[in-house]
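Heads up, the thing below is written out as structure tokens.
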Amino acid sequence: MRLLTHLRHVDLAVPDYDKQLDFYSGVWGLTKVAEDSGISFLAAEGSPEQYVVRLRKADEKRLDLVSYGAASAADVDTLAEQLLAGGVQLITQPGKVDTPGGGYGFRFFDVDGRTIEVSADVEVRRHRKIEEKEAIPVKLSHVVLNSPDLNRTREWYERHLGFALSDTLSSPRMGEVMHFMRISNQHHSMAIARGPHTALHHISFEMRGLDEYMRGSGRVIRAGYRKIWGPGRHMAGDNTFTYFLDPQGNTVEYTTELELLDEDTWHPHVYDFSQPEVTDQWGTANPMNELIAKESFNDPDRGVFVAPPV
């Protein structure tokens with residue numbers, strides 16, 4: 001039974017806090033909605049979520065947590081009970097959430113030691129329709145996580161959180177390198193990439209349409225930020241992509257038109273990403289190579305919990 005409904009927000013710890021805040025609230029197009037000493041909450045104007053990115057000033061760069069929504073407090077309780085019964089380590093018990101919008105939720109460690117949060121009854125943020133030619137994110141689209149053991153992570157998310165596999169990227173030389181995972185009819189809310197260590201791969205933001213996606217991409221390029229790949233259109237998910245590095249070296253993406261599936265009839269594909277049309281159907285992006293792939297390996301995440309041997 002699937003108890004998660006959608007991706008809420010991704011929280012980052014960053015040493016160069018002011019530079020990161022300037023990037024996300026400036027050229028990237030998010031809105032700062034709350035700030036305390038060394039912590040800020042950033043919303044997407046078209047999203048009902050209170051915030052989609054949280055930044056926290058810290059000595060070490062890390063992924064603080066990934067947050068998902070549930071439909072009700074009862075579902076939050078049910079999930080917590082199921083995770084406990086399945087041997088998953090809870091960080092907090094279900095209770096009041098004290099971030100903007102409140103709600104009822106809890107936190108736990110995934111199989112790679114990342115902190116995951118699930119919450120319900122969070123107050124809806126007053127949001128609006130993004131206008132034509134307004135090149136700012138509508139909402140958070142998806143998050144991709146690096147894992148040294150691709151299939152162990154995939155199986156954990158399927159077993160404990162009800163994710164389903166949509167598609168896989170593979171190649172004859174490298175084998176499987178990415179699993180696209182869903183919790184709704186959206187092709188993926190999360191994907192798992194094979195990487196040398198546990199880390200954030202990228203955070204993706206949905207734009208209003210193709211024109212706004214291109215205008216936004218151009219704005220970030222003109223501002224002098226490093227574009228690592230794009231613009232192009234993936235085959236898996238059929239979405240557009242332009243990837244950049246934020247000032248702390250995290251990969252962020254503008255996307256649009258991510259595929260919506262008929263879950264009853266969908267069968268996962270295994271796409272050979274060594275074929276150029278798989279990585280970019282349009283042929284407009286710079287060719288994918290190992291140097292580009294390594295850009296999104298990111299730094300090893302020091303924030304992960306390493307479980308003692310059982």
Side-chain angles (χ1 to χ4, degrees), residues 5-12 20-35 40-55 66-69 99-101 103 119 122-144 182-191 202-225 227 229-234 237-247 250-261 281-282 284-285:
T5 53
H6 66 292
L7 178 65
R8 284 199 191 278
H9 52 86
V10 178
D11 298 9
L12 302 173
Q20 286 286 89
L21 183 54
D22 285 348
F23 171 80
Y24 283 103
S25 63
V27 70
W28 198 251
L30 300 180
T31 302
K32 185 175 79 173
V33 290
E35 187 173 17
S40 54
F41 300 87
L42 297 143
E45 280 298 313
S47 169
E49 292 298 322
Q50 288 287 330
Y51 60 101
V52 295
V53 171
R54 187 190 79 174
L55 298 176
V66 177
S67 175
Y68 294 96
T99 43
S119 61
V122 177
E123 190 182 327
V124 171
R125 178 178 181 265
R126 227 181 129 178
H127 54 293
R128 62 180 178 83
K129 190 175 178 186
I130 303 302
E131 301 295 329
E132 193 175 332
K133 296 186 178 176
E134 193 178 6
I136 60 172
V138 176
K139 64 174 188 173
L140 187 61
S141 172
H142 58 270
V143 63
V144 179
R182 69 182 186 276
I183 43 173
S184 67
N185 68 337
Q186 180 178 305
H187 181 272
H188 58 287
S189 292
M190 186 265 287
H202 74 266
I203 311 170
S204 180
F205 299 81
E206 175 84 20
M207 304 297 273
R208 178 182 182 273
L210 276 179
D211 186 63
E212 292 77 15
Y213 150 78
M214 287 299 288
R215 286 172 184 271
S217 298
R219 179 183 63 245
V220 181
I221 291 167
R222 281 177 175 163
Y225 290 96
K227 175 179 76 73
W229 195 29
R233 186 169 206 130
H234 293 312
D238 198 31
N239 56 309
T240 62
F241 66 88
T242 313
Y243 297 93
F244 295 91
L245 291 180
D246 77 8
N250 296 304
T251 303
V252 285
E253 176 190 26
Y254 278 156
T255 191
T256 196
E257 299 182 351
L258 182 60
E259 189 171 4
L260 300 177
L261 316 178
Q281 298 181 70
W282 288 343
T284 50

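Keep in mind the model is a prediction, meaning the values are calculated, not measured.
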Give the ring-plane orientation class for Trp229 versus His234, where under 30° counts as parallel, over 60° as perpendicular and anything between as tilted. tilted

Side chain of Glu257, backbone of Asp238: donor and acceptor closer than 3.5 Å? no

Residues Thr251 and Leu245: closest non-hydrogen pair is OG1-CD2, 3.6 Å

When rounded to the nearest 0.5 angstrom, what is the spacing between NE2 in His187 and CG in Asn239? 8.0 Å

Measure the spacing between CG of Leu55 and CD of Glu35 and express it to the nearest 0.5 Å. 9.0 Å

I need the Thr255 OG1 to Arg233 CZ distance, nearest 0.5 Å. 8.5 Å

Would Arg182 and Leu261 count as a side chain to side chain contact (heavy atoms under 4.5 Å, CB included) here? Give the steps. CA-CA 10 Å; Arg182 69 182 186 276; Leu261 316 178; 3.6 Å; yes

Lys32 side chain reached by Leu21 side chain, heavy atoms, under 4.5 Å: yes

Aromatic centroids of Trp28 and Phe205 separated by under 6.0 Å: yes

Identify the two heavy atoms, one from Pro137 and one from Leu30, that lie closest to each other, and give their separation to 0.1 Å. CG-CD2, 3.9 Å

Indicate yes or no: does Glu206 engage Lys139 in a salt bridge with an N to O separation below 4.0 Å. no

Return yes if some donor-acceptor pair links the side-chain N/O of Thr242 with the main-chain N/O of Tyr254 below 3.5 Å, else return no. no

Report yes or no: does Gln186 contribute a side-chain atom to a donor-acceptor pair with the main-chain N or O of His188 at less than 3.5 Å? yes

Taking the side chain as every heavy atom from C-beta outward, state whether Tyr225 and Pro247 have any pair of such atoms under 4.5 Å apart. yes

Rounded distance (nearest 0.5 Å) linking atom CG of Leu210 with atom CZ of Arg215: 12.5 Å

Would you please say whether a donor-acceptor pair under 3.5 Å links the side chains of Ser47 and His127? no

Do other residues, nucleotides or ligands put more than 12 heavy atoms under 6.0 Å from the CZ atom of Arg126? no

Which heavy atom of Ile136 sits nearest a heavy atom of Gly29, and at what distance? CB-O, 3.6 Å

Do Thr240 and Pro231 have side-chain heavy atoms sitting under 4.5 Å apart? no

Could you tell me whether the side chain of Arg8 and the main chain of Glu49 form a donor-acceptor pair under 3.5 Å? no

Give me the atom names and distance for the closest heavy-atom approach of Glu253 to His142. OE1-NE2, 3.2 Å

When rounded to the nearest 0.5 Å, the distance separating OG of Ser189 from OH of Tyr68 is 7.0 Å

Test item: Tyr24 and Leu12 side chains (from C-beta on) under 4.5 Å apart, heavy atoms: yes

Kindly compute the distance separating NZ (Lys133) from CG (Asp211), expressed to the nearest 0.5 Å. 6.5 Å

Which heavy atom in Tyr51 sits nearest to a heavy atom in Asp11, and how many Å separate them? CE1-OD1, 4.1 Å

Taking side chain as C-beta onward, heavy atoms only, is Ile183 less than 4.5 Å from Leu7? no

Given side chain to side chain contact (heavy atoms under 4.5 Å, CB included), test Met207 with Met214 step by step and report yes or no. CA-CA 9 Å; Met207 304 297 273; Met214 287 299 288; over 6 Å; no

Write down the atom of Glu45, the atom of Arg125, and the distance for their closest heavy-atom approach. OE2-NH2, 3.3 Å

